[in-house]
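Here's the structure, in structure tokens; my notes come after.
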Amino acid sequence: MADPELQLVARRIRSFPDFPIPGVLFRDISPVLKDPTSFRASISLLANHLKKAHGGRIDYIAGKWSGGRLDSRGFLFGPSLAQELGLGCILIRKRGKLPGPTVCASYALEYGKGELEIQRDALEPGQKVVVVDDLLATGGTMCAACELLGQLRAEVLECVSLVELTSLKGREKLGAVPFFSLLQYE
């Protein structure tokens, strides 16, 4: 990890053993969000990756916002990344949180299922989208986001996240959709 910006971001990730349940090592990104320099660096690194990988082919960034809760950290990355790239940001939310006609996709949770939705008129067929979230764990929500975009006939160019928990193999759920993360932990 030679990049000083990446080192700065990595130093801000905290680890909490046995949270939220015994046996889980929680990776906390809150210090990245608290420190404007490291948050700016994380957005810059993601933007630089997307510029190199896709040039000017991206139409929108899609950010997932889990309901109306203030704990939806992943959503903070979507609009910030979109602004950095001079793009608009599309909302993907928990079911029942968006007005107007929507399309819905379900995904498995540890105990039950979750549902995400997007407004039916959020995109035109063929538009190119990148999905961003703070963390990729099991891949359920990111896969559901890709499914929603597919229902609108958008092209998902890539999914990106700040952190990837590699031992949970979430990347595998994305199939052929390319995935990039700044930091990887087991």
Side-chain angles (χ1 to χ4, degrees), residues 1 3 5-6 8-10 29 32-33 36-66 72-94 97-105 107 116-166 170-184:
M1 189 183 311
D3 188 315
E5 281 189 312
L6 188 57
L8 172 67
V9 175
I29 68 158
V32 173
L33 299 173
T37 304
S38 61
F39 182 65
R40 194 174 311 110
S42 70
I43 296 300
S44 175
L45 289 163
L46 288 170
N48 287 339
H49 163 76
L50 292 173
K51 287 175 191 174
K52 286 177 190 167
H54 306 289
R57 294 184 9 185
I58 305 167
D59 294 312
Y60 291 101
I61 298 295
K64 181 182 68 62
W65 188 18
S66 300
S72 302
R73 301 170 308 176
F75 185 68
L76 299 172
F77 288 86
S80 300
L81 184 56
Q83 284 294 300
E84 180 73 16
L85 294 169
L87 302 171
C89 187
I90 303 298
L91 300 180
I92 296 174
R93 301 202 54 196
K94 279 188 177 178
K97 300 291 183 182
L98 289 171
T102 61
V103 294
C104 184
Y107 60 97
L116 294 177
E117 67 181 3
I118 188 169
Q119 290 173 317
R120 192 175 301 277
D121 63 355
L123 295 163
E124 297 294 322
Q127 288 188 306
K128 294 168 179 45
V129 181
V130 171
V131 179
V132 63
D133 207 347
D134 64 324
L135 182 136
L136 178 72
T138 63
T141 57
M142 188 127 358
C143 187
C146 291
E147 182 184 325
L148 283 174
L149 294 164
Q151 287 181 45
L152 297 180
R153 297 187 316 229
E155 180 184 346
V156 179
L157 295 176
E158 187 169 11
C159 294
V160 299
S161 71
L162 176 66
V163 172
E164 176 185 8
L165 303 179
T166 58
R171 174 186 295 247
E172 292 175 10
K173 276 199 179 146
L174 299 175
V177 176
F179 176 76
F180 173 80
S181 59
L182 289 181
L183 300 167
Q184 302 80 35

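Since the model is a prediction, treat every value here as computed from it, not as a measurement. Counting begins at 1 with the first residue of the sequence.
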Partners meeting ring pair (Phe, Tyr, Trp, His ring centres under 6.0 Å) with Phe179 (sequence neighbours left out): none
Of Val163, Ile29, Val32, Thr37, the one forming a side-chain contact (heavy atoms from CB on, under 4.5 Å) with Val9 is Val32
Within a strict 4.5 Å, meaning less than it, do heavy atoms of the Gln151 and Leu148 side chains meet? yes
Can you tell if the side chain of Leu76 reaches within under 4.5 Å of the side chain of Asp134, non-hydrogen atoms only? no
Per the salt bridge (Lys or Arg N to Asp or Glu O under 4.0 Å) rule, what does the pair list look like for residues 122-131, sequence neighbours excluded? Lys128-Glu155
Side-chain heavy atoms of Lys51 within contact of Leu85, under 4.5 Å: yes
Side-chain heavy-atom pair Leu135, Phe77 within 4.5 angstrom cut-off: no
Looking at side-chain heavy atoms only, is the closest gap between Leu87 and Tyr60 below 4.5 Å? no
Would you check if Leu183 and Leu6 make a side-chain contact, meaning some heavy-atom pair closer than 4.5 Å? yes
For the atom pair CD (Gln119) and CG (Leu91), what is the distance rounded to the nearest 0.5 Å? 7.0 Å
Using the test ring pair (Phe, Tyr, Trp, His ring centres under 6.0 Å), find all partners of Phe180 that sit at least two apart in sequence or belong to another chain. His49
Rounded to the nearest 0.5 Å, what separation is found between the OG1 atom of Thr141 and the NZ atom of Lys94? 10.5 Å
Heavy-atom nearest pair, Ser181 first then Arg171, reads OG-NH2, 4.3 Å
